[in-house]
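First the structure, in the form of structure tokens, and then the observations on it.
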There are 2 protein chains.
Amino acid sequence: MVDLCASVDRPFPQPTGQDRYTISEVARHTGLSVHTLRWYERIGLMPHVDRSHTGQRRYHNHDLEWLAFVGKLRLTGMAVADMVRYADLLREGDHTYPERLALLVATREDVVRRVAELQSTLSVLDFKIGIYAETPPAASGGEELPA
Amino acid sequence: MVDLCASVDRPFPQPTGQDRYTISEVARHTGLSVHTLRWYERIGLMPHVDRSHTGQRRYHNHDLEWLAFVGKLRLTGMAVADMVRYADLLREGDHTYPERLALLVATREDVVRRVAELQSTLSVLDFKIGIYAETPPAASGGEELPA
DNA sequence: GTCTTGCCTGGAGCCCACTCCAACGTTCTA
DNA sequence: TAGAACGTTGGAGTGGGCTCCAGGCAAGAC
């Protein structure tokens, strides 16, 4: 892809909106470390990041969007290997469409299940917290157990 | 604590309800591996498990209850180290009451935050899945990106 | 007796997702 | 021209949460 903004190779800070970011800017923006950004690239989770004429990474807005999506997948608890799989499928083209959809649907089901699990832990926690709230510190009533 | 069921040292399977379980029975019951059960004990997450006269572990119902609670904490995503901390606090007695309560409340807040995060990933997933559902495989319309 | 099954122990090993390191290059500021 | 600040690489290290292993004991079945 031709870089339309290459006239000035602006080397430093840059308040966003320029579609040409250094690795540390992206780190600040995404909350990922520069280590992690480079690692994502090495393992194939981040496709072909553009480089400046001196070989430094220059991220574009579409890279930030991809990273945002990856961030969401990370929040779902999806394994990094599976995200790499998804990225691979995208690269491979249209015929991988069913597998990609299946991956997303499976992930969605996972998330729904995990939400339910968390809700169940919430009721246990609320029950315990309720006991603590009712019971004066001295008289430990319905307590768990440790000897 | 005196073991009221010790007359017969029943060596094998045992359908639950006897308040005297071998490690493999507990593993089956909890879904944890025997390795993990021993490991929990080593790191102080499991207090003083009773032993048979030959030195084998004999779990009681209160141990199963504790393990069930630990299982819930595990589902919350609480670190094992924090669970150990909680177990330690219980052992230390009533004066640790405020810290225990604080731990549970903090965990609860964590869970609530995680549920919100998961809900937000759900809407992203649904959006993507929607795109896949609308778009015929051939014409990949609003796709993410990988080059 | 010996075979099998189940249990014991301490310590090593494994997988995941980073995280850091050494050695070096590039560019801006003074 | 020097120094600071940022960037590059491949490979090693870290921490969490298990997981496995070797070597051995105990007890029922044949």
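Numbers restart at 1 for each chain; the letters A, B, ... are given by sequence-line order, proteins then strands.
- OP1 or OP2 of C:dC7 lies within a sub-4.0 Å distance of a side-chain N or O belonging to B:Thr22.
- Atom OH in A:Tyr40 sits roughly 15 Å away from atom P in C:dC16 (whole-Å rounding).
- Note on ring orientation: taking the six-membered ring where Trp is involved, the planes of B:Trp66 and B:Tyr86 are parallel (angle under 30°, cut-offs 30° and 60°).
- Look at NE2 on B:His53: it is 9 Å from C1' on D:dA26, rounded to the nearest Å.
- Smallest separation of non-hydrogen atoms from A:Arg114 and A:Gly77: NH1-CA, 4.3 Å.
- Atom CZ of B:Arg58 and atom P of D:dA26 are 14 Å apart (whole Å).
- A:Arg74 has a side-chain polar atom (N or O) that falls below the 4.0 Å cut-off from OP1 or OP2 of C:dC18.
- Residue B:Arg57 is in sugar-phosphate contact alone, with no base atom involved, counting any heavy-atom pair closer than 4.0 Å across all strands shown.
- A straight line from CE of B:Met83 to P of D:dG16 spans 13 Å, rounded to a whole angstrom.
- Put simply, the side chain of B:Leu67 reaches to within 4.5 Å of the side chain of B:Leu37, judged on heavy atoms.
- Considering only side-chain atoms of B:Arg51, the nucleotide from D:dA27, C:dC8, D:dC6 that sits closest is C:dC8.
- Listed for the A:Ser33 side chain is a donor-acceptor partner under 3.5 Å among the backbone atoms of A:Thr36.
- Between B:Ser33 and the phosphate of D:dC18, there is no side-chain N or O to OP1/OP2 separation shorter than 4.0 Å.
- Nearest heavy-atom pair across B:Arg51 and B:Glu41 is NH2-OE2, 3.4 Å.
- The CD1 atom of A:Ile43 sits 8 Å away from the P atom of C:dA17 (whole-angstrom rounding).
- Between B:Leu67 atom CG and D:dC18 atom P there is a gap of 12 Å when expressed in whole angstrom units.
- The 5' end of DNA chain D is approached more closely, in terms of each residue's nearest nucleotide, by A:Glu41 than by the other of A:Glu41 and B:Arg38.
- Between B:Thr54 and C:dC8, a side-chain N or O to OP1/OP2 separation shorter than 4.0 Å is absent.
- Among the nucleotides C:dC20, C:dG6, C:dT9, the one closest to any side-chain atom of A:His35 is C:dC20.
- In this model, the phosphate group of D:dG17 is not approached by any side-chain N or O of B:Arg42 to a distance below 4.0 Å at OP1 or OP2.
- In this structure, the CH2 atom of A:Trp39 is 17 Å from the P atom of D:dA12, given to the nearest Å.
- In terms of phosphate contacts, A:Thr36 brings no side-chain nitrogen or oxygen within less than 4.0 Å of OP1 or OP2 of C:dA17.
- Between the CG atom of B:Leu37 and the C1' atom of C:dC7 there is a distance of 13 Å, given to the nearest Å.
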